[in-house]
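Heads up, the thing below is written out as structure tokens.
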Amino acid sequence: MAAVTADQTTQAKAQGTVQATAGGPDGADGAQLAAFDAAVAADERIEPRDWMPDAYRASLVRQMAQHAHSEIIGMQPEANWISRAPSLRRKAILMAKVQDEAGHGLYLYSAAETLGTSREELLDKLHAGRQRYSSIFNYPTLTWADVGAIGWLVDGAAITNQVPLCRCSYGPYARAMVRICKEESFHQRQGYELLLALGRGTPAQRDMAQDAVNRWWWPSLMMFGPPDDASAHSEQSMIWKIKRHSNDELRQRFVDICVPQAEALGLTLPDPDLWWNEERGHHDFGSIDWTEFQEVLKGNGPCNEQRLTQRRRAHEEGAWVRDAAAAYAVKHHAEKHTTPTPTAEATA
Ligand code: BYC
């Protein structure tokens, strides 16, 4: 955004050291708010040093933190299969994918830091159960075919949701999403290719692939969030152009993409009410069990407890790595900024 750049007050607000003052919404004068609204309306990017309403900042932190947490918790269900991958090739691919998820978490935590929050603070909130991560990662990975189903469906849903986020109004989030989406595309293809291989395999392998798809289909549809009429944040997020499409719109897009892909894979999507509606130009599909979704959000999914316990343990066990990295950074910084002692020759 070109019109309003940061002054000291804005920077202090980004660091969370001052509260909104009187004089307008969030202490802004009318001109700041008007410039923000105009930038959003003109599809310009809001950058970290630009003035922004407190509620916009808070909503971004909420969504970006949830997104970052999903990436790092999302490593667990698949990492479960690294040691049991059926070939060296599959193991190498899966390791690369899981490593990518950690990288996505880092991009997103870094992007969230530009809003004046620290990674430590966000992780503390995750570990205390005060911030969410995606419902999808509270389901177990029971067989090798689950790795394929996660790649095809979960990463496929993630791409459908995340491609529009590349045009999100907040610059650092939008830019992080461009790279993430490229990597997600590889993730989705590896899942599709894995299921294709199983589908062309023995009857037992085909059954395993179908069983995995049966279990992951409905939770994947829930990833898009509650229906539009129950979505608390969608309306405002769409006005701010954080979100570009509603939850139901993206869910429909995903269903329409998956149907022909399932046919090509020779797999059936577990929904007897799934059929092409000529009039709408979309597939109709059955009702989603929103009670199950709400239960998972409340912490009562099959793996909620296991995922959080494992995350807290990994964090505690990794404390020495963080301490070592911080000590190295201090040492490196000190060395870089120490003026070299003049030699005898130089002072002569
Ligand atoms: N799970 O008003 P709504 C990945 C919450 S990682 C849990 O519609 P919003 C991958 C929502 O937070 C994929 N909670 O919310 C990684 C809100 O609660 P609060 C992660 C959910 O924000 C590793 C309440 O329900 N992707 O792909 O407008 C391996 C009301 O919802 C869920 C992202 O995070 C859910 N599914 O829309 C493989 C994408 N859905 O905050 C793959 C970025 C909703 O009021 N996020 N809630 O307590 C978004 O696009 C949006 O945040 C959502 C929700 C569409 C998810």
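One-based numbering, in listed order, for ligands and for the atoms of each.
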Item to complete: Considering the heavy atoms of S70, write down every atom of ligand 1 situated less than 4.0 Å from one of them.
Response: 6 (S), 16 (C), 20 (C)
Worksheet item: Using heavy atoms and a threshold below 4.0 Å, how should the contact between F137 and ligand 1 be classified: side chain, backbone, both, or neither?
Response: side chain
Worksheet item: So, do H104 and H187 have ring centers that fall under 6.0 Å from each other?
Response: yes
Practice prompt. Considering the heavy atoms of Y133, write down every atom of ligand 1 situated less than 4.0 Å from one of them.
Written response: 1 (N), 7 (C)
Worksheet, complete the sentence: re atom 15 (O) of ligand 1, the protein heavy-atom contact at minimum distance is H233 CD2, 3.6 Å
Discussion item. Polar contacts were defined as any N/O atom of the residue lying under 3.5 Å from an N/O atom of the ligand; does this apply to S237 and ligand 1?
Written reply: no
Worksheet item: Can L221 be reached from I159 by stepping across I, L, V, M, F, W or Y side chains whose heavy atoms are under 4.5 Å apart?
Response: no
Discussion item. Once you restrict to heavy atoms under 4.0 Å, what part of L250 touches ligand 1? Side chain, backbone, both or neither.
Written reply: neither
Fill in: Enumerated ligand 1 atoms positioned under 4.0 Å from heavy atoms of M222
36 (N)
Discussion item. If I compare all heavy atoms of T309 with all of E305, which pair ends up nearest, and what's the gap?
Written reply: OG1-O, 2.7 Å
Worksheet item: Who's the nearest protein heavy-atom neighbour of atom 35 (C) of ligand 1, and how far?
Response: S135 OG, 3.6 Å
Discussion item. With a sphere of 6.0 Å drawn around CZ of R280, does it hold more than 12 non-hydrogen atoms of other residues, nucleotides or ligands?
Written reply: yes
Practice prompt. Can you confirm whether something in the protein, heavy atoms only, sits under 4.0 Å from atom 29 (C) of ligand 1?
Written response: yes
Worksheet item: Do D155 and ligand 1 have an N or O pair less than 3.5 Å apart?
Response: no
Worksheet item: Can you name the closest pair of heavy atoms from S135 and L297 and give their distance?
Response: CB-CD1, 4.0 Å
Worksheet item: Nearest protein heavy-atom contact for atom 9 (P) of ligand 1: which residue, which atom, what distance?
Response: K243 NZ, 3.4 Å
Fill in: Those atoms of ligand 1 less than 4.0 Å from some heavy atom in Y173
43 (C)
Worksheet, complete the sentence: Looking only at protein heavy atoms, what sits closest to atom 21 (C) of ligand 1 is Q66 NE2, 3.6 Å
Fill in: Flag if over 12 foreign heavy atoms under 6.0 Å of CE, M95
no
Practice prompt. Distance to 0.1 Å, residue and atom name: give those for the protein heavy atom nearest to atom 49 (C) of ligand 1.
Written response: Q63 NE2, 3.5 Å
Fill in: H67: which of Y107, Y173, Y109 passes side chain to side chain donor-acceptor pair (under 3.5 Å)
Y173
Item to complete: Could you pull out, from G225, S246, A68, P226, the option with a heavy atom nearest to atom 31 (O) of ligand 1?
Response: P226
Practice prompt. Identify the two heavy atoms, one from R215 and one from P219, that lie closest to each other, and give their separation to 0.1 Å.
Written response: O-CD, 3.2 Å
Worksheet item: Does N161 approach ligand 1 within less than 4.0 angstrom via side chain, backbone, both or neither, non-hydrogen atoms only?
Response: side chain
Worksheet item: Picking from E249, K243, H245, what satisfies side chain to side chain contact (heavy atoms under 4.5 Å, CB included) with N247?
Response: K243
Worksheet item: Is F186 linked to L195 within one hydrophobic cluster, defined over Ile, Leu, Val, Met, Phe, Trp and Tyr using a side-chain heavy-atom separation of less than 4.5 Å?
Response: no
Worksheet item: Closest approach of L33 and P53, non-hydrogen atoms and distance?
Response: CD1-CG, 4.2 Å
Discussion item. One pair to check against side-chain contact (heavy atoms from CB on, under 4.5 Å): L106 and R119. What are the steps and the verdict?
Written reply: CA-CA 9 Å; L106 290 186; R119 202 193 314 173; 3.3 Å; yes
Discussion item. Which residue and atom name correspond to the protein heavy atom nearest atom 48 (O) of ligand 1, and how close is it?
Written reply: R132 NE, 2.9 Å
Worksheet item: Can you tell me which residue and heavy atom of the protein come closest to atom 27 (O) of ligand 1, and the distance to 0.1 Å?
Response: A158 CB, 2.9 Å
Item to complete: Report yes or no: does H104 have a heavy atom closer than 4.0 Å to ligand 1?
Response: no
Practice prompt. Tell me, yes or no, whether the heavy-atom count around R189 atom CZ, taken from other residues, nucleotides or ligands under 6.0 Å, exceeds 12.
Written response: no
Worksheet item: Heavy-atom contacts under 4.0 Å between I150 and ligand 1: side chain, backbone, both, or neither?
Response: neither
Worksheet item: Looking at atom 56 (C) of ligand 1, what's its closest protein heavy atom, distance included?
Response: M223 O, 4.0 Å
Practice prompt. List every atom of ligand 1 that sits less than 4.0 Å from any heavy atom of A232, numbering the atoms from 1 in the order shown and giving each element.
Written response: 2 (O)
Discussion item. Ignoring hydrogens, what is the shortest heavy-atom contact between P140 and W216? Give both atom names and the distance.
Written reply: O-CZ2, 3.4 Å
Worksheet item: Which is it for M75 and ligand 1 at heavy atoms under 4.0 Å: side chain, backbone, both or neither?
Response: neither
Worksheet item: Under a 4.0 Å heavy-atom limit, does F293 contact ligand 1 with its side chain, its backbone, both, or neither?
Response: side chain
